[in-house]
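Presented below is the structure to which this report refers.
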Amino acid sequence: MPELPEVETVRRGLSSATLGATVSAVTVRDRRLRWAIARDFEASLIGNSINSIERRSKYLLFRLGEKTLLAHLGMTGSFVALPTQNLPAVKAHDHVDIVLDSGITLRYNDPRRFGSMHVFSGDDMAQPLLKHLGPEPLTAALTGEHLFEVTRRRSCAVKLALMDNSVVVGVGNIYANESLFRAGIHPSRAANRVSLARYETLASEIKAVLSEAIAAGGSTLRDFVNASGEPGYFQLDYFVYGRDGEACRRCEAPLKLTRHGGRATVYCRSCQR
DNA sequence: CTGTTCTCCTGTGGGC
DNA sequence: TGCCCACAGGAGAACA
């Protein structure tokens, strides 16, 4: 399940494998991603060179001259850079191949097809999928003050606010759980009942946990580029995520499980208030 | 605006 | 061993 650190790791891996190369062919085996891949998708990519690969939220933006390929990995999507001369047999869910003139083929696999791919021209901010996004967590744009300001009229659980992409991007279920634990904030607390000081702690814990995950993900970067298949993401040692019923790493009390918007929330009743 | 629920999809794992 | 089914989960869409 790619969260922001995984998407960033993918971005770095693909960048070193593809920058400067030109798209020579595109094969789409299944157009049914979250939104159907457009009919002119293949033609719009062929002949363009990859100038850079950027990331916004969990979207990858491949810059190809005037055009941008906007891709989301959804829940189960993966991009792998493979040698075109020695391409592995097509497996189930290998939906898209992007063949580059450098001898590399980018292969997109996505069993659940929650991912997406679009090609667009022009300003990013004209894109409906991008224009409502909140600040990037690993930039100066995310501050405790920002979190405080945008939650003044929100009575929903602070955890739900954190996972709202208009508040801040890139904080999925795992990192919402982890950052709230690290900040000592109860996930069910109303977003507008968290103090500025505590939002400042929360903002710095979000940055810390995401940075640590990227540092850990970076260790698998070489495997990814060599790409005989499995990305093999590093699993961080979580404080709470997936540990309900187990002992809190700080106070030993058993961790509790609850739900917010259908998503599992794990927290410590004594460490989080 | 805010909040809530629905939806997409398939692999996995628990229960029997 | 095999079958059934809940569950996982990002995030847009639709609706109250």
Side-chain angles (χ1 to χ4, degrees), chain A residues 1-11 29-38 55-61 70-79 90-96 108-118 120 124-137 147-180 187-194 206 210 213 229-233 235-236 238 240-245 257-266:
Chain A
M1 65 196 86
E3 292 250 10
L4 185 141
E6 286 76 25
V7 178
E8 178 60 21
T9 300
V10 169
R11 186 194 71 76
R29 297 184 195 83
D30 194 337
R31 314 191 85 84
R32 300 171 302 164
L33 299 189
R34 177 161 192 191
W35 297 281
I37 295 176
R55 179 188 58 72
R56 177 76 176 100
S57 184
K58 294 175 189 169
Y59 289 98
L60 290 168
L61 294 89
L70 178 64
H72 197 292
L73 303 179
M75 290 293 307
T76 54
S78 65
F79 263 116
V90 172
K91 303 186 305 296
H93 315 302
D94 282 342
H95 304 314
V96 179
Y108 181 75
N109 179 287
D110 189 358
R112 293 183 204 175
R113 306 204 312 268
F114 277 18
S116 68
M117 283 190 216
H118 292 93
F120 70 88
D124 291 356
M125 293 310 287
Q127 292 304 306
L129 295 176
L130 300 175
K131 65 180 170 187
H132 298 298
L133 296 176
E136 284 290 325
L147 293 177
F148 183 78
E149 289 303 324
V150 300
T151 52
R152 285 315 77 204
R153 274 179 274 288
R154 301 198 56 167
S155 57
C156 65
V158 60
K159 187 197 177 209
L160 284 171
L162 264 194
M163 294 177 67
D164 181 334
N165 276 341
S166 67
V167 171
V168 56
V169 301
V171 182
N173 195 40
I174 294 173
Y175 298 112
N177 276 292
E178 291 299 302
S179 60
L180 286 166
S188 300
R189 177 173 283 274
N192 57 2
R193 299 231 192 264
V194 176
I206 290 168
L210 291 175
E230 314 312 314
Y233 296 121
Q235 284 276 318
L236 273 188
Y238 298 126
V240 288
Y241 179 77
R243 298 191 63 239
D244 58 293
L257 172 67
T258 183
R259 271 171 198 284
H260 292 101
R263 304 291 184 273
T265 300
V266 185

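These numbers were taken from a predicted model, which means no experiment stands behind them. Residue numbering restarts at 1 for every chain, and letters A, B, ... go by the order of the sequence lines.
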Quiz item: Which word best sums up how the rings of H95(A) and Y108(A) line up, parallel for under 30°, tilted for 30 to 60°, or perpendicular for over 60°?
Solution: tilted
Quiz item: Would you say the side-chain atoms of R263(A) pair up with the backbone N or O of R259(A), donor to acceptor, closer than 3.5 Å?
Solution: no
Exercise. For R263(A) and dG9(C), give me the distance from atom CZ to atom P, rounded to whole Å.
Key: 7 Å
Self-check item: Nearest-Å distance for atom pair CE/P, residues M75(A) and dT7(B)
Solution: 18 Å
Quiz item: Does the side chain of F114(A) reach to within under 4.5 Å of the side chain of R34(A), using non-hydrogen atoms?
Solution: no
Quiz prompt | G115(A) versus L33(A), closest heavy-atom pair with distance | solution = O-CB, 3.3 Å
Quiz item: Is the backbone N or O of I37(A) less than 3.5 Å from a side-chain atom of R31(A), with the two atoms forming a donor-acceptor pair by type?
Solution: yes
Quiz item: Are any non-hydrogen side-chain atoms of L4(A) and Y175(A) less than 4.5 angstrom apart?
Solution: no
Quiz prompt | Of residues 154-161 of chain A, the positions that come close to DNA chain B - non-hydrogen atoms, cut-off under 4.0 Å | solution = R154(A), S155(A), C156(A)
Practice problem: Round to a whole Å and report the spacing from CD of E6(A) to P of dG9(C). | Solution: 13 Å
Where do N or O atoms of nucleotides 9-11 of chain B meet protein N or O atoms at under 3.5 Å, pair by pair?
residue : atom : partner : partner atom : Å
dC9(B)  : O4'  : R112(A) : O            : 3.2
dT10(B) : OP1  : R113(A) : NH1          : 3.2
dT10(B) : O2   : R112(A) : NE           : 3.1
dG11(B) : OP1  : H93(A)  : NE2          : 2.9

Exercise. Could you state the atom-to-atom distance from CZ of R152(A) to P of dT2(B) in whole Å?
Key: 12 Å
Quiz item: Hey, what bend do you get for the helix from dT2(B)-dA16(C) to dC16(B)-dG2(C) if you fit axes on five pairs at each end, rounded to 10°?
Solution: 50°
Practice problem: May I ask you to check whether over 12 heavy atoms, not counting those of R193(A), lie within 6.0 Å of atom CZ? | Solution: no
Quiz prompt | Integer-rounded Å distance: dG10(C) P and N177(A) CG | solution = 10 Å
Quiz prompt | Plane angle bin for H118(A) and W35(A) - parallel if under 30°, tilted between 30 and 60°, otherwise perpendicular | solution = tilted
Quiz item: Looking at residues at least two apart in the chain, or sitting in another chain, which of them share a side chain to side chain contact (heavy atoms under 4.5 Å, CB included) with N109(A)?
Solution: S78(A), H93(A), D94(A), P111(A)
Quiz item: Which whole-number value in Å describes the distance from D164(A) CG to dG3(B) P?
Solution: 9 Å
Exercise. Under 4.0 Å between any heavy atoms, over every strand shown, what does R259(A) touch: base, sugar-phosphate, or nothing? Just pick one.
Key: sugar-phosphate
Quiz item: Which heavy-atom pair separates L61(A) from L130(A) by the least distance, and what is that distance?
Solution: CD2-CD1, 4.1 Å
Quiz prompt | Ring-face cation contact, F148(A) with R152(A), 6.0 Å cut, 45° max | solution = yes
Quiz item: Rounded to whole angstrom units, what separation is found between the CG atom of L162(A) and the P atom of dG9(C)?
Solution: 16 Å
Would you list the atom pairs, donor with acceptor, under 3.5 Å between side chains in residues 157-166 of chain A and any protein atom, with sequence neighbours excluded?
residue : atom : partner : partner atom : Å
K159(A) : NZ   : N173(A) : OD1          : 2.6
K159(A) : NZ   : A264(A) : O            : 3.2
K159(A) : NZ   : T265(A) : OG1          : 2.8
D164(A) : OD1  : S166(A) : N            : 2.8
D164(A) : OD1  : S166(A) : OG           : 2.9
D164(A) : OD2  : R154(A) : NH1          : 2.9
D164(A) : OD2  : R154(A) : NH2          : 3.2

Practice problem: Over all heavy atoms of both residues, which pair between V10(A) and L60(A) is shortest? Give the atoms and the distance, please. | Solution: CG1-CD1, 4.0 Å
Quiz item: Taking the side chain from E6(A) and the backbone from E3(A), do they hold a donor-acceptor pair closer than 3.5 Å?
Solution: yes
Please produce a list of atom pairs where a protein N or O lies less than 3.5 Å from an N or O of nucleotides 12-16 of chain C.
residue : atom : partner : partner atom : Å
dG12(C) : OP1  : Y59(A)  : OH           : 3.3
dG12(C) : O4'  : R34(A)  : NH1          : 3.4
dG12(C) : O4'  : R34(A)  : NH2          : 2.8

Quiz prompt | d(CG, L33(A); C1', dG10(C)) in whole Å | solution = 14 Å
Quiz prompt | Y241(A) side-chain N/O to dA8(C) phosphate OP1/OP2 under 4.0 Å | solution = no
